[in-house]
A.B. asks: 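Sharing a structure with you now.
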Amino acid sequence: DTRAEVAPRHGEAGPRRLDVAGEDQPLSGVEVVAFPVAEAYVPPPDAGDEVVQTGALGAAGTVTRGDGAYKIEHLPDVEFHVLARARGFEPASISPVVPGQPLPDIVLLQHGSIIGRVRDAETEAPVTEFSLSFERQGADGEFRTEHRHGRDVRDAGGRFACEGMGAGEWRVRVASKDHVHWRGSVSLAPGGTAELDVVLHAGSRIEGTVALPDGTPVAGAAIHIRLVPRPRPGERTNFDTRTEEDGGFVAAGLEGGSYQIEATHPDCYAERTEGTAKVDVSAAGAVS
């Protein structure tokens with residue numbers, strides 16, 4: 001059984017960092033794992049999960065020295081994936097690797113942050129409750145949702161801070177129940193901080209009342225408002241609320257368009273023509 005080692009090429013360091021200024025420095029204490037190239041192996045979407053999977057593949061690992069160099073010894077003479085990761089950096093790998101042959105450096109890109117504040121366009125006051133969602137551009141140019149960064153925010157100053165984000169192109173969406181959703185994009189450099197000033201507009205409103213045939217208001221009726229036809233991907237689609245004690249309801253933060261409204265209540269029955277309505281709203285205004 002042939003034994004070999006995986007090590008960086010002679011005279012050069014192993015994993016290195018690339019920060020926002022483009023400086024190239026050795027990294028010590030970085031976890032480096034080598035695992036055999038399996039014919040049916042498909043890397044998971046989240047590169048951070050690769051290290052978790054290596055245990056089942058009989059992988060070997062080490063950590064880098066002060067000069068960033070590493071060595072993994074006593075490996076069979078087969079092809080390997082070599083993966084490096086460290087807290088605060090994006091995982092990176094090289095493949096295929098043959099033990100004993102010179103290796104290129106592994107460059108780790110430092111995580112960055114997206115911070116910002118959210119305010120109302122009319123009053124300039126902070127929007128204190130909102131949700132954030134993020135999409136990141138992959139190597140194939142497609143944007144995919146990064147669920148681990150999305151969050152609901154409650155902040156008196158309307159501020160948010162999202163750390164541990166990989167370098168690259170991001171799409172950001174800010175949603176508030178009383179405003180039109182905001183969509184934007186940002187380019188995040190390795191180790192950098194991108195700051196957003198998000199201004200939310202009130203948009204349109206639909207106001208209405210749900211009542212019995214004799215005029216008695218229906219409290220607690222579920223109101224489902226749907227934009228028709230279906231919007232483009234990423235646009236707001238549904239608006240759900242309930243009627244108050246007087247049977248009234250308000251849906252705010254709507255974009256201009258045609259909306260289908262449906263009212264339901266477990267104790268009431270309505271023909272489709274009576275329990276639904278269709279309205280057209282302008283880009284800014286109210287419809288009753």
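Just the heavy atoms: all of them, side chains too, but no hydrogens, waters or symmetry mates, feed the values below. These numbers come from a predicted model, not from an experiment.
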A.B. asks: State whether a side-chain donor-acceptor pair under 3.5 Å links Asp178 with Ser176.
C.D. replies: no
A.B. asks: Are the side chain of Ser113 and the backbone of Thr193 linked by a donor-acceptor contact shorter than 3.5 Å?
C.D. replies: no
A.B. asks: Which residues pass the side chain to side chain contact (heavy atoms under 4.5 Å, CB included) test with Asp155, sequence neighbours left out?
C.D. replies: Val153, Arg159
A.B. asks: Regarding Arg205 and Glu207, does a basic nitrogen lie under 4.0 Å from an acidic carboxylate oxygen?
C.D. replies: yes
A.B. asks: Only counting residues at least two apart or in another chain, list the ones meeting side chain to side chain contact (heavy atoms under 4.5 Å, CB included) with Asp152.
C.D. replies: Ser131
A.B. asks: Under the ring pair (Phe, Tyr, Trp, His ring centres under 6.0 Å) rule, collect the residues that match up with His265, sequence neighbours excluded.
C.D. replies: none
A.B. asks: The criterion is side chain to side chain contact (heavy atoms under 4.5 Å, CB included); which residues satisfy it with Glu135, sequence neighbours excluded?
C.D. replies: Phe143, Thr145, Arg171
A.B. asks: Can you check whether His201 and Trp182 have ring centres sitting under 6.0 Å from each other?
C.D. replies: no
A.B. asks: Let me check something: any side-chain donor-acceptor pairs from residues 120-128 under 3.5 Å, sequence neighbours excluded? List them with distances.
C.D. replies:
residue, atom, partner, partner atom, Å
Asp120, OD1, His179, NE2, 2.8
Asp120, OD2, Glu122, N, 2.9
Asp120, OD2, Thr123, N, 2.9
Asp120, OD2, Thr123, OG1, 3.3
Thr123, OG1, Ala125, N, 3.2
Glu124, OE1, Arg119, NH1, 2.5
Glu124, OE2, Arg119, NH1, 3.0

A.B. asks: Say whether Ile115 and Leu200 are linked into one hydrophobic cluster, either directly or through other cluster members, by side-chain heavy-atom distances under 4.5 angstrom.
C.D. replies: no
A.B. asks: What residues, two or more places apart in sequence or in another chain, satisfy side chain to side chain contact (heavy atoms under 4.5 Å, CB included) together with Ser95?
C.D. replies: Val37, His81
A.B. asks: When you check the gap from the basic side-chain N to the acidic O, do Arg144 and Glu146 get nearer than 4.0 Å?
C.D. replies: no
A.B. asks: Check Ser187 against Glu169 and note the closest heavy-atom contact, atom names and distance.
C.D. replies: OG-OE2, 2.8 Å
